[in-house]
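What follows is a set of notes on a single structure, which appears directly below.
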Amino acid sequence: MWRRWLIVGALLLLALQAIIQVRLASEDSATTDEAVHLSAGYTYLTRGDWRFNPEHPPLVKVLAALPMLALKPNVTAEMEDEWVASDNLYYDSWRENRAFGEALMYQSGNNPDLMLFYGRLPMVALTLILGLTIFLITLKHWGAGASFVASALYALNPIVNGHGHLITTDVAITLGFLLAVYCFWQLLIRPSWSRALYWALAFGGALLVKHTAIILLPIFVV
């Protein structure tokens with residue numbers, strides 16, 4: 001009975017966190033990088049070109065921009081000028097990317113609140129997936145009590161709740177690190193082709209979120 005209540009309590013905490021994150025996604029103003037990431041992801045999807053925001057891999061930006069395909073935002077001639085000016089592989093186009101993103105959000109007749117909210121929803125989903133991953137790992141290896149404590153620490157963490165709805169790479173790379181290390185640990189315990197595939201997917205996913213995921217390699221060695 002206690003085990004059942006602990007599991008229900010952990011899941012309720014994660015559900016409450018997700019609800020709060022959706023509310024924050026609709027109310028919080030845009031942070032400095034969100035227009036950059038959102039507009040870059042939108043150009044990846046609609047133009048098949050990766051010139052914007054090369055300092056981060058594309059996965060998070062693509063996920064954030066997927067809901068924008070339904071909105072079909074306006075793109076002005078001035079924005080096209082910024083796009084053309086950034087067509088140089090050896091040039092850091094951060095200024096053009098920022099100008100393109102700010103114009104997409106605030107200077108092109110689009111609804112910035114709606115675009116930002118839609119773009120944040122996939123980030124909320126990643127935050128929930130990370131919480132469920134923590135819950136399932138701790139439940140499997142250390143029981144219901146540990147899973148409740150771990151889920152509570154995660155769901156009530158102000159840093160997680162401050163970043164969990166933003167179009168940034170922080171929560172996504174946390175999920176990538178956790179899955180990559182856990183899957184590699186499981187592969188070492190009982191090697192199999194399926195576990196090798198899970199590890200490869202987790203590690204590949206982490207690399208698609210942030211270039212610094214390369215530091216996972218020495219962690220695997222250790």
Practice problem: Only counting residues at least two apart or in another chain, list the ones meeting ring pair (Phe, Tyr, Trp, His ring centres under 6.0 Å) with H56. | Solution: H37
List the atom pairs, donor and acceptor, that lie under 3.5 Å between side-chain atoms in residues 6-26 and the rest of the protein, sequence neighbours left out.
residue	atom	partner	partner atom	Å
Q17	NE2	Y154	O	3.4
Q17	NE2	N161	OD1	3.0
Q21	OE1	H165	N	2.9
Q21	OE1	H165	ND1	3.0
Q21	NE2	N161	O	3.0
Q21	NE2	N161	OD1	3.4
R23	NE	E27	OE2	2.4
R23	NH2	E27	OE2	3.0
S26	OG	R23	O	2.7

Quiz prompt | Lys/Arg N to Asp/Glu carboxylate O, R98 vs D33, below 4.0 Å | solution =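 Answer for the salt bridge query: yes.
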Quiz item: Between E82 and R51, does at least one N-O distance fall below 4.0 Å, as a salt bridge requires?
Solution: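 Salt bridge between E82 and R51, a charged N being under 4.0 Å from a carboxylate O: no.
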Over 12 non-hydrogen atoms of neighbours within 6.0 angstrom of [atom1] in [X]:
X	atom1	result
W5	CH2	no
Y44	OH	yes
I215	CD1	yes

Quiz item: Which class fits the ring pair W83 and F52: parallel under 30°, tilted 30 to 60°, perpendicular over 60°?
Solution: perpendicular
Quiz item: Mind checking whether H141 and W185 have parallel, tilted or perpendicular rings, split at 30° and 60°?
Solution: tilted
Exercise. Could you tell me whether the side chain of L38 reaches within less than 4.5 Å of the side chain of M68, counting heavy atoms only?
Key: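 M68 reaches L38 side chain to side chain.
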Practice problem: Can you sort out the partners of N111 under side chain to side chain contact (heavy atoms under 4.5 Å, CB included), two or more places apart, ordered by chain and number? | Solution: D113, L114
Enter the distance from [X]:[atom1] to [Y]:[atom2] here, rounded to the nearest 0.5 Å.
X	Y	atom1	atom2	answer
L130	F135	CG	CZ	14.0 Å
D28	F117	CG	CZ	12.0 Å
L63	L121	CG	CG	12.5 Å

Please tabulate, for the side chains in residues 201-212, all donor-acceptor contacts under 3.5 angstrom to protein atoms that are two or more places apart in sequence or on a different chain.
residue	atom	partner	partner atom	Å
K210	NZ	T169	OG1	2.8
H211	NE2	P54	O	3.4

Quiz prompt | Residue pairs passing the side chain to side chain donor-acceptor pair (under 3.5 Å) test where at least one lies in residues 116-125, sequence neighbours excluded | solution =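 Checked against side chain to side chain donor-acceptor pair (under 3.5 Å) - neighbours excluded - the pairs reaching residues 116-125 are E34-R120.
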Practice problem: Not counting sequence neighbours, which residues clear salt bridge (Lys or Arg N to Asp or Glu O under 4.0 Å) with E96? List them please. | Solution: none
